[in-house]
Structures are given as structure tokens and as C-alpha cells.
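Worksheet: the structure to be examined is printed underneath.
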Amino acid sequence: MDLDRAHAFAETWVAEWNAHDLDRIMRHYADDVVFRSPIAARLVEGSNGTIRGKEALRAYWAEGLRRNPGLRFEVVGVYAGVDCVVINFRKQTGALANEVLVFEDDLIVSGWGTHGPE
């Protein structure tokens, strides 16, 4: 993935999250996506931080949005890899975090949410 495409995706990503538009967010994910996050470990009992499948990911994020109605992100940096994008962003709390997203056939097949100190 080139850097221009990564930046374009990050602009879309942040707009969709800031709009809290789960339907638009989910259109980027493969049905068999695997997503890992320490926040998922806290919110989804028994997950150990790993969410498997698009519907389970949707349910996790729906709960996150429900618990955080003021959720808002600001993109700080965007990085491109061979088949991945890293989006460094600041949350509404001021804390920094990253999404590491791996693509296959233009859909995200795996991802990691990484978080610094709150």
C-alpha cells in the first residue's frame, strides 16, 4: 500500500469513527476479520482481547460507542506497509493510540488496537 492510499484511508477512517457511523466503519472489514485490543479484553468477557468475525467486531464496537458517546479521534500520523496501514491517533481523552490494519483484496483481515497510558 502506498502512503497516499494510506492517508486517504485514514481520512475516511477518522471521519467514520467521529460520526459514530458503525455501518460505514464495518464496510472495510472482511467477514473473517480478527482484531486484537487490550480494550476488547476489558469489554468482551472471555475474549482475552481477541475478537473473531465481523459480527463480533461490530458488537464490540457498538458497546464501545455506547459507553463512550463523546468518542472522538484526531489523526496524528499515518504509516504505510506492504499490505497494512498504521494510524496513530489521539483520543478525546488526550491519550495516544494506534490501529494497525492488514488488508487483503481491499478489506481488513486483521487488526490491532494499541494504546498508551490513559
Side-chain angles (χ1 to χ4, degrees):
M1 174 169 304
D2 67 35
L3 194 53
D4 288 339
R5 185 169 166 222
H7 273 281
F9 178 80
E11 287 176 22
T12 299
W13 177 90
V14 76
E16 292 168 352
W17 273 106
N18 287 345
H20 296 195
D21 191 333
L22 202 48
D23 288 334
R24 286 177 44 211
I25 293 166
M26 295 309 302
R27 69 188 167 115
H28 303 288
Y29 292 84
D31 289 340
D32 60 349
V33 64
V34 176
F35 191 84
R36 295 167 182 87
S37 169
I39 294 175
R42 293 194 311 258
L43 290 183
V44 181
E45 188 175 329
S47 71
N48 294 321
T50 300
I51 307 296
R52 297 181 188 282
K54 190 173 184 175
E55 291 309 311
L57 185 60
R58 179 185 190 85
Y60 159 54
W61 282 338
E63 178 61 14
L65 288 169
R66 186 189 70 76
R67 290 184 185 206
N68 296 291
L71 182 133
R72 183 142 185 89
F73 299 150
E74 171 195 354
V75 173
V76 176
V78 178
Y79 310 90
V82 173
D83 59 357
C84 68
V85 172
V86 177
I87 303 171
N88 178 240
F89 63 98
R90 185 175 317 281
K91 299 188 268 185
Q92 76 280 0
T93 62
L96 291 171
N98 296 286
E99 293 274 314
V100 180
L101 305 170
V102 177
F103 289 78
E104 187 176 294
D105 298 326
D106 292 325
L107 291 175
I108 299 165
V109 294
S110 62
W112 291 262
T114 65
H115 303 271
E118 291 289 326

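Source: prediction; values computed, not measured.
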- Message: For residues 15-28, which residue pairs pass the salt bridge (Lys or Arg N to Asp or Glu O under 4.0 Å) check, not counting sequence neighbours?
- Response: Glu16-Arg24, Glu16-Arg27, Asp21-Arg24, Asp23-Arg58
- Query: Just wondering, are more than 12 heavy atoms of other shown residues or ligands nearer than 6.0 Å to CG in Asp2?
  - Reply: yes
- Message: Can you list, by chain and residue number, the hydrophobic cluster partners of Val76 when the side-chain cut-off is 4.5 Å?
- Response: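 ILVMFWY cluster around Val76 also holds Leu96.
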- Tell me who clusters with Tyr79, hydrophobic residues only, linked when side chains sit under 4.5 Å apart either directly or through other members. Val86, Val100, Val102, Val109, Trp112
- Query: Do Ile108 and Leu3 share a hydrophobic cluster, counting only Ile, Leu, Val, Met, Phe, Trp and Tyr and linking them when any side-chain heavy atoms are less than 4.5 Å apart?
  - Reply: no
- Message: Taking Leu107 as the starting point, is it possible to reach Leu57 by hopping between hydrophobic residues whose side chains are less than 4.5 Å apart?
- Response: no
- Message: Treating His20 as the side-chain partner and Arg66 as the backbone partner, does any N or O pair qualify as donor plus acceptor under 3.5 Å?
- Response: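 Checking the backbone N and O of Arg66 against the side chain of His20, no donor-acceptor pair under 3.5 Å is found.
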- Sidechain-backbone polar pair: Lys91 side chain, Leu71 backbone, donor-acceptor under 3.5 Å: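 No: the side chain of Lys91 does not pair with the backbone of Leu71.
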- Query: So do Ile87 and Asn98 actually touch side chain to side chain, heavy atoms under 4.5 Å?
  - Reply: no
- Query: Nearest heavy-atom pair of His115 and Ala97: which atoms, and what distance?
  - Reply: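 Reported closest heavy-atom pair: ND1-CB, 3.5 Å.
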- Message: Which label fits Phe35 and Trp61: parallel for a plane angle under 30°, tilted from 30 to 60°, or perpendicular past 60°?
- Response: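 Rings of Phe35 and Trp61: perpendicular, over 60°.
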- Query: With respect to His28, which candidate in Trp13, Phe9, Trp17 satisfies the ring-ring contact (aromatic ring centres under 6.0 Å, His included) definition?
  - Reply: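 In the set Trp13, Phe9, Trp17, the residue that makes a ring-ring contact (aromatic ring centres under 6.0 Å, His included) with His28 is Phe9.
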- Scan Leu43, Thr50, Ile51 and name whichever one has a side-chain contact (heavy atoms from CB on, under 4.5 Å) with Ser47. Ile51
